[in-house]
Amino acid sequence: MESNFVDYVKILCRSGKGGRGSMHLRHVKYNPNGGPDGGDGGRGGSIILRGNHNYWTLLHLRYERHIFAEHGGNGGRDKCHGTDGKDVYIDVPCGTVVYDAETGRFVCDVTYDGQEIVLLKGGRGGLGNFQFRSATNQAPRYAQPGEPMQEMTVILELKLLADVGLVGQPNAGKSTLVSALSNARPKIANYPFTTMEPSLGIVGYRDQKSFVMADIPGIIEGAAEGRGLGLRFLRHIERNSLLLFMVPGDSDDIRGEYETLLGELQRFNPELLDKHRVLAVTKCDLLDEELIEMLREGLPTDLPVVFISAVTGYGLDALKDVLWQELNAESNKLAVALQEDTLVHRDKDMTRFAQEMADEGADEEIEFVDDEEVEDVDDFEYEDYDDEA
């Protein structure tokens, strides 16, 4: 069954070229030497990205492989201005990052609802010969062609916006926790990699307060080298202000498993280690109080640790209290504000691009389509005029 969650698409975008200016001399019955009256060409349409909170995936763009804007109309006689090409708006969910598919260069980032970013600007229309008239050149016989169109193949990559991101190995209880704390109903089963796509849940707190929690597929040791599902879903926690590490209480080495997860995050993006972190020891319904106290002694001391059981509800209220305190800590607020002001996106690693596109089930190559309905920019023909006195 094909998933409806699409967070990765590749699209060929092309703006419109400007219309050419008209070269025309006015010649009517009672005004045979009326002078130049060629109008300007119209502006070509632009490709504009627009943030839309009604979308949460890129599914609506999955099969829209080519997005072209209209070309500007040519100028006409009697100083008639060519029609402007219509702009094309591409609605994307908030948190969409755009890369150049040829070089991997970061292009732009759409972060809030209603934000508009001009991805490709339409060409300006050429000036008609009316604009070139002067006292010394009263009958100019030339006009400008329109500016050419712009074309670029882009990669749209969604990074979910959430407050808390869950990090853990398969079967660590992440989906169970999300279903216990929110109304989200991710798939839960007793086998690894049950979660194959990210999901969001809104966690209610005291006094009608809430925060958003993001669940991603499990990470195993060697994910940076492509083991398991690799690291392709880790981009969804790059925007989270808090990371919740989840390690089962029946694990042989809780501290070692936590450090393994931390190492995989560092290989993916070292900046993730600057985020606030909380460690949750899950499946504590399998442990008694004496064993829990023994486990506390070997756990990391540089972050809050909470023992929970999503099945029985043990420790969930304490976990929400810790998460809320960490989210609203002054140091965390300062770090989040600083990150928003100085957020630097790395260029895309194109060495893994082919594999990522294969994972999405999309072809790497996009066929370049010529617009046969529009004349070529270099095919410039002046309008006929009568030069007789």
Study note, to complete from the structure: When rounded to the nearest 0.5 Å, the distance separating CD1 of Ile292 from CG of Leu299 is 11.0 Å
Exercise for review: Classify the side-chain pair Ser179/Thr176 by whether it contains a donor and acceptor separated by less than 3.5 Å.
Suggested key: no
**Study point:** Backbone N/O of His81 and side chain of Asp40: donor-acceptor pair under 3.5 Å
**Key:** no
Check your understanding: Is Val178 reachable from Val311 through a run of I, L, V, M, F, W or Y residues, each pair having side-chain heavy atoms under 4.5 Å apart?
Key -> no
Exercise for review: Any chance you could measure Lys283, atom NZ, to Ser251, atom OG, to the nearest 0.5 Å?
Suggested key: 10.0 Å
Practice item. Evaluate the side-chain proximity of Val98 to Asp109: yes if any heavy-atom separation is below 4.5 Å, no if none is. Key: no
**Study point:** Under 3.5 Å: donor-acceptor pair, side chain of Glu70, backbone of Gly85
**Key:** no
Review point. If you look only at pairs with a residue in residues 115-134, which of them pass as a salt bridge (charged side-chain N to carboxylate O under 4.0 Å, His left out), with sequence neighbours excluded?
Key: Arg124-Glu147
Practice item. For the pair Tyr55 and His60, name the ring-plane relationship: parallel under 30°, tilted 30 to 60°, perpendicular over 60°. Key: parallel
Check your understanding: Cation-pi between Lys320 and Tyr205: NZ/CZ under 6.0 Å from ring centre and within 45° of the ring axis?
Key -> no
Exercise for review: Could you check Gln150 against Ser15 for side chain to side chain donor-acceptor pair (under 3.5 Å), going step by step and ending with a plain yes or no?
Suggested key: CA-CA 5 Å; Gln150 298 181 24; Ser15 64; 5.2 Å; no
Point to revise | N/O donor-acceptor pair under 3.5 Å between Thr96 side chain and Pro93 backbone | key: yes
Practice item. Apply salt bridge (Lys or Arg N to Asp or Glu O under 4.0 Å) to the pair Asp87 and Arg43, showing each step before the final yes or no. Key: CA-CA 10 Å; Asp87 297 331; Arg43 173 188 59 84; 3.1 Å; yes
Practice item. Please check if the side chain of Asn129 supplies one atom and the backbone of His24 the other of a donor-acceptor pair under 3.5 Å. Key: yes
Revision key, fill the gap. In short, Ser309 meets Cys284 closest at the heavy-atom pair CB-N, 4.0 Å
Review point. Do Arg26 and Asp78 sit within salt-bridge range, that is, some charged N less than 4.0 Å from a carboxylate O?
Key: yes
Practice item. Could you tell me which non-hydrogen atom of Tyr99 sits nearest to which non-hydrogen atom of Phe106, and how far apart they are? Key: CD2-CA, 3.7 Å
Review point. More than 12 heavy atoms of other residues, nucleotides or ligands under 6.0 Å from CG of Asp252: is that the case?
Key: no
Exercise for review: Check the side chains of Tyr89 and Asn52 for a donor-acceptor pair under 3.5 angstrom, ignoring hydrogens and angles.
Suggested key: no
Review point. Is any NZ, NE, NH1 or NH2 atom of the basic residue among Arg206 and Asp321 found under 4.0 Å from an Asp or Glu carboxylate oxygen of the other?
Key: yes
Point to revise | Any side-chain donor near an acceptor of the partner, Arg277 and Tyr258, under 3.5 Å | key: yes
Check your understanding: Taking all atoms of both residues into account, what is the closest heavy-atom pair of Asp91 and Arg50, and its distance?
Key -> OD1-NE, 2.7 Å
Review point. Is the backbone of Lys17 close enough, under 3.5 Å, to the side chain of His71 for a donor and an acceptor to pair up by distance?
Key: yes
Check your understanding: Out of curiosity, does Val154 fall in the hydrophobic cluster containing Val92 (side-chain heavy atoms, cut-off under 4.5 Å, transitive links)?
Key -> yes
Review point. Between Ser210 and Val203, does a side chain to side chain contact (heavy atoms under 4.5 Å, CB included) hold up when you go through it step by step?
Key: CA-CA 5 Å; Ser210 63; Val203 181; over 6 Å; no
Check your understanding: Is any side-chain heavy atom of Gln169 less than 4.5 Å from a side-chain heavy atom of Thr260?
Key -> yes
Review point. Any donor and acceptor pair, going by atom type alone, linking the side chain of Ser241 with main-chain N or O of Asp163 inside 3.5 Å?
Key: yes
Point to revise | Side-chain heavy-atom pair Val9, Ile155 within 4.5 angstrom cut-off | key: no
Practice item. Any chance you could lay out the side chain to side chain contact (heavy atoms under 4.5 Å, CB included) test for Tyr314 and Ile308, step after step, and finish with the verdict? Key: CA-CA 5 Å; Tyr314 172 79; Ile308 64 171; 5.5 Å; no
Check your understanding: Are Leu319 and Leu244 close enough that some pair of their side-chain heavy atoms sits under 4.5 Å apart?
Key -> yes
Point to revise | pair Asn328-Lys209: side-chain heavy atoms closer than 4.5 Å | key: no
Check your understanding: Leu127, Phe130: one ILVMFWY side-chain cluster at the under-4.5 Å cut-off?
Key -> no
Review point. Nearest heavy-atom pair of Pro248 and Thr282: which atoms, and what distance?
Key: CA-OG1, 3.2 Å
Check your understanding: Pro300 versus Leu279: any side-chain heavy-atom pair under 4.5 Å?
Key -> yes
Review point. From Asp215 CG over to Leu200 CG, what is the distance, rounded to the nearest 0.5 angstrom?
Key: 9.5 Å
**Study point:** Distance in Å, Leu262 CG paired with Phe245 CZ, rounded so as to fall on 0.5 Å steps
**Key:** 5.0 Å
Check your understanding: Run the side chain to side chain contact (heavy atoms under 4.5 Å, CB included) check on Met152 and Asp100 step by step: do they pass?
Key -> CA-CA 7 Å; Met152 180 169 58; Asp100 188 336; 3.8 Å; yes
Exercise for review: Taking the side chain as every heavy atom from C-beta outward, state whether Phe307 and Arg296 have any atom pair closer than 4.5 Å.
Suggested key: yes
Review point. Can any side-chain N or O of Lys275 pair as donor or acceptor with the backbone N or O of Asn240 at less than 3.5 Å?
Key: yes
Check your understanding: Roughly how far apart are Cys108 SG and Ile117 CD1, rounded to 0.5 Å?
Key -> 4.5 Å
**Study point:** Donor-acceptor under 3.5 Å (Glu326 side chain, Val322 main chain)
**Key:** no
Practice item. Determine the minimum heavy-atom distance between Ala180 and Ala310, stating which atoms define it. Key: CB-O, 3.8 Å
Exercise for review: Decide whether Asp285 and Thr312 meet the rule of one side-chain donor and one side-chain acceptor closer than 3.5 Å.
Suggested key: no
Check your understanding: Would you say the side chain of Val306 lies within less than 4.5 Å of the side chain of Leu323, judging by non-hydrogen atoms?
Key -> no
Review point. What pair of heavy atoms forms the shortest contact from Gly168 to Lys174, and how long is it?
Key: O-NZ, 3.5 Å
Check your understanding: Among the clusters formed by ILVMFWY side chains lying less than 4.5 Å apart, do Val118 and Val107 turn up in the same one?
Key -> no
Check your understanding: Between atom CG of Leu49 and atom OG of Ser46, what is the distance when rounded to the nearest 0.5 Å?
Key -> 11.5 Å
Review point. Looking at Asp37 and Lys79, does any basic side-chain N land under 4.0 Å from a carboxylate oxygen?
Key: no
Exercise for review: Show your working on side chain to side chain contact (heavy atoms under 4.5 Å, CB included) between Ile48 and Val88 and close with a plain yes or no.
Suggested key: CA-CA 6 Å; Ile48 302 174; Val88 175; over 6 Å; no
